[in-house]
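A note on names: the letters A, B, ... follow the listed sequences, proteins ahead of strands, and every chain is numbered from 1.
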Amino acid sequence: MQIQSPKGTRDILPSEVQTWQWVERVAQSVFGTYGYQEIRTPIFESTDLFVRGVGDTTDIVEKEMYTFTDRGNRSISLRPEGTASVVRAMLQNRLMDGASVLKFYYIGQMFRYDRPQAGRYREFWQIGIEAFGADSPAIDAEIIAAGYQFFSTLGVKDLTLHLNSIGDPACRPKYVEALKAYAKTHLDELCGKCYARHERNPMRILDCKESGCRAVVANAPRLSDYLCDPCRENFDTVKNYLDTLEIDYHEDPYVVRGLDYYSRTAFEFTAGGLGAQNAIGGGGRYDYLAEEIGGAPTPGIGFALGMDRIMIALEAQNVTVPTASPVDVYLAVLGDAAMPVAMKLAQQLRENGVKTDLEYKGRGLRAQMRTANKLNARYVVMIGEDEIGNEAATVRDMGSGDQQLIAFAQLPETMREKVDNYISR
RNA sequence: GUGGAUGUAGCUCAGUCGGUAGAGCGCUUGACUGUGGAUCAAGUGGCCGUGGGUUCAAAUCCCAUCAUCCACCCCA
């Protein structure tokens, strides 16, 4: 039996890598224009960071972490999400000292031990952005705007922004109590899972999909009725800013966010073509996370975008991805005597920035032309007996079929110009 | 962790009532001694996921196991 990649992981093959690189470029460029800088943090961290940061009753920590003991007897976990690490890095490097607002983005893989399905992997990629140091609702709106611009630059369609406020430590506990009390009066209508969690984490009932639970939820107390004045005011301001920026949103009381660290603004982007897992990004404010992991109180907000799901959406929605041919010039080599000449010319072309590939196996010209065609080469440069005698190569434009002779000495420069013209066309 | 579906050529799949395998695409070559995409022809290619059982005989029936996909939970 062949060794396979572990369950829930996959290879990103050259045929798809152009799309990935393009998405990364768009992220760099869009988030860059909002003042965000890239940060790179370790792919594994102390387990404790996630236990305290993400929350020890969350599914992620309870059953989805890749945790192991290293040779120094430390408990280590592959990161299941990015925010905790970025907050840790911000605190550890004292980046907040003397700064007003800090803005970071990251791109990288995360790990969760889940059962794979469409749009869900054990190793998956996220692009995240985080802003620290300001609790102003302006940042909430801005960060949502950045996400929106990212998706629209990519051309992702059927995008919906779900928006909610989940309160803060002043008001959420009261709501949770009210919800718990309400749930107790409907225990027989809840599904098994929700029955089990109504004590410990009643807010999870809100996004349960079971019909019985949905019916219960329909008449449940609304968090929006329990928001304290500062939270309500904050939420209203966020919405006003979004209106100002002309960003559509759906107020959605059922956006709860599964991680413990969120407060106030919580949001989720969904897109079409994704199957059951249609959340393509999500995030919110986490003003208490820095304290939770032992740092000074530092307000923060951020979100994570699922790159794997972006890829699925782009594919399903037939979004055109800018691509570059892997080869500009294919050097056809005819006969053994031509090989040294071709090697030399290839080297010169490459030094001139022309993407060049050549025949290594001495096949017939027909086979070489087929290869050139398959590689989508724009030009084929033929080197055979005649060309060596004339010190000039036969250059074929694969688009038009036109051929001309170009002296070896002029070839690197001429091909460079031709390729530049071709690209700018 | 739970449920459902599927494993046959590099890829997408067919294979009837059990008689040890087929198509299309791809690839190679030729038609066209040095000219791609189109057409035609030939060729290449499979321990029928793995292990066991039933049978004269198993891709096909039975059991187990592994893997993949989809869904639940939860999330991105």
If we take the P atom in both B:G10 and B:U65, what is their distance in whole Å? 28 Å
How long is the gap from CG on A:D397 to OH on A:Y379, to the nearest 0.5 Å? 5.0 Å
I need the NZ-P distance between A:K63 and B:C72, as an integer number of Å. 13 Å
CD1 of A:I60 versus P of B:C74: gap in Å, rounded? 13 Å
Reading nucleotides 35-42 of chain B from 5' to 3' and marking B where a protein heavy atom lies under 4.0 Å of the base, S where only the sugar-phosphate is that close, and - otherwise, the string is BBB-----
Is the backbone of A:L405 close enough, under 3.5 Å, to the side chain of A:T394 for a donor and an acceptor to pair up by distance? no
Students often get this wrong, so: under 4.0 angstrom with heavy atoms, is A:A279 touching a base, only sugar-phosphate, or nothing? sugar-phosphate
Report which part of the nucleic acid A:G281 touches: base, sugar-phosphate, or nothing (heavy-atom distance under 4.0 Å, all strands). sugar-phosphate
A:E413 CD: over 12 foreign heavy atoms closer than 6.0 Å: no
Could you walk me through whether A:R120 and A:F124 pass the side-chain contact (heavy atoms from CB on, under 4.5 Å) test, one step at a time? CA-CA 7 Å; A:R120 189 166 64 208; A:F124 60 101; over 6 Å; no
Spacing of A:R115 atom CZ relative to B:A71 atom P, expressed in whole Å: 13 Å
Counting neighbours of CG on A:D225 that are heavy atoms of other residues, nucleotides or ligands and sit closer than 6.0 Å, is the number greater than 12? yes
Which nucleotide in B:U68, B:C72, B:A76 has an atom nearest any side-chain atom of A:D308: B:A76
I need the OH-C1' distance between A:Y262 and B:C75, as an integer number of Å. 10 Å
So does A:R363 get a side-chain nitrogen or oxygen closer than 4.0 Å to the phosphate oxygens (OP1/OP2) of B:U28? yes
Assess whether atom OH of A:Y113 is packed by more than 12 heavy atoms of other residues, nucleotides or ligands within 6.0 Å. no
Whole-angstrom distance between B:C47 and B:A42, as gauged at atom C1': 28 Å
Considering only atom P, compute the distance from B:G46 to B:G37 and round it to an integer number of Å. 27 Å
Students often get this wrong, so: under 4.0 angstrom with heavy atoms, is A:E385 touching a base, only sugar-phosphate, or nothing? base
Just how far is it from atom CG of A:N376 to atom OG1 of A:T323, taken to the nearest 0.5 Å? 8.0 Å
Within this structure, what is the CG-to-P distance between A:L375 and B:C27, rounded to whole angstrom? 11 Å
Sticking with atom C1', work out how far B:G22 lies from B:U60, rounded to a whole angstrom. 15 Å
Pairwise P distance, B:A76 and B:G1 [rounded to whole Å]: 22 Å
Mind checking the CZ-CG spacing from A:F150 to A:L159? Nearest 0.5 Å is all I need. 11.0 Å
Of A:D386 and A:K7, the one whose closest RNA chain B nucleotide lies more 5': A:D386
Euclidean distance for P, B:G24 against B:G36 (whole angstrom): 24 Å
With heavy atoms under 4.0 Å as the rule, sort A:G119 into base, sugar-phosphate or nothing. base
Find the distance A:F269:CZ to B:C75:P and express it as a whole number of Å. 18 Å
Please report the interatomic distance CG(A:L305) to CZ(A:F269), rounded to the nearest 0.5 Å. 7.5 Å
Tell me the interatomic distance from A:R122, atom CZ, to B:A76, atom P, rounded to whole angstroms. 18 Å
Distance test, side-chain N/O of A:Q117 to OP1/OP2 of B:A71, below 4.0 Å: yes
Sugar-phosphate only, base, or nothing, as touched by A:E81 at under 4.0 Å among non-hydrogen atoms: nothing
Looking only at atom P, what distance separates B:U28 and B:A59, rounded to whole Å? 33 Å
For atom CD1 of A:I129 and atom P of B:A76, their distance in whole Å: 15 Å
Taking atom P in both B:A67 and B:C73, what distance in whole Å separates the two? 24 Å
Write out the stems for RNA chain B, ordered by first number and formatted as range with range, counting runs of at least 3 consecutive Watson-Crick or G-U wobble pairs under 3.5 Å. B:1-7 with B:66-72, B:10-13 with B:22-25, B:27-31 with B:39-43, B:49-53 with B:61-65
Please evaluate the base of B:C69 for a donor-acceptor partner in the side chain of A:R120 within a cut-off of under 3.5 Å? no
B:C74 base to A:Q277 side chain: any donor-acceptor pair below 3.5 Å? yes
Using the ring centroid of each side chain, check whether A:Y261 and A:Y286 are separated by less than 6.0 Å. yes
Taken to the nearest 0.5 Å, the spacing of A:Y148 OH from A:I247 CD1 works out to 7.5 Å
Contact class for A:I280 (heavy atom, under 4.0 Å): base, sugar-phosphate, or nothing? sugar-phosphate
Does A:R363 have more than 12 heavy atoms from other residues, nucleotides or ligands lying within 6.0 Å of its CZ? yes
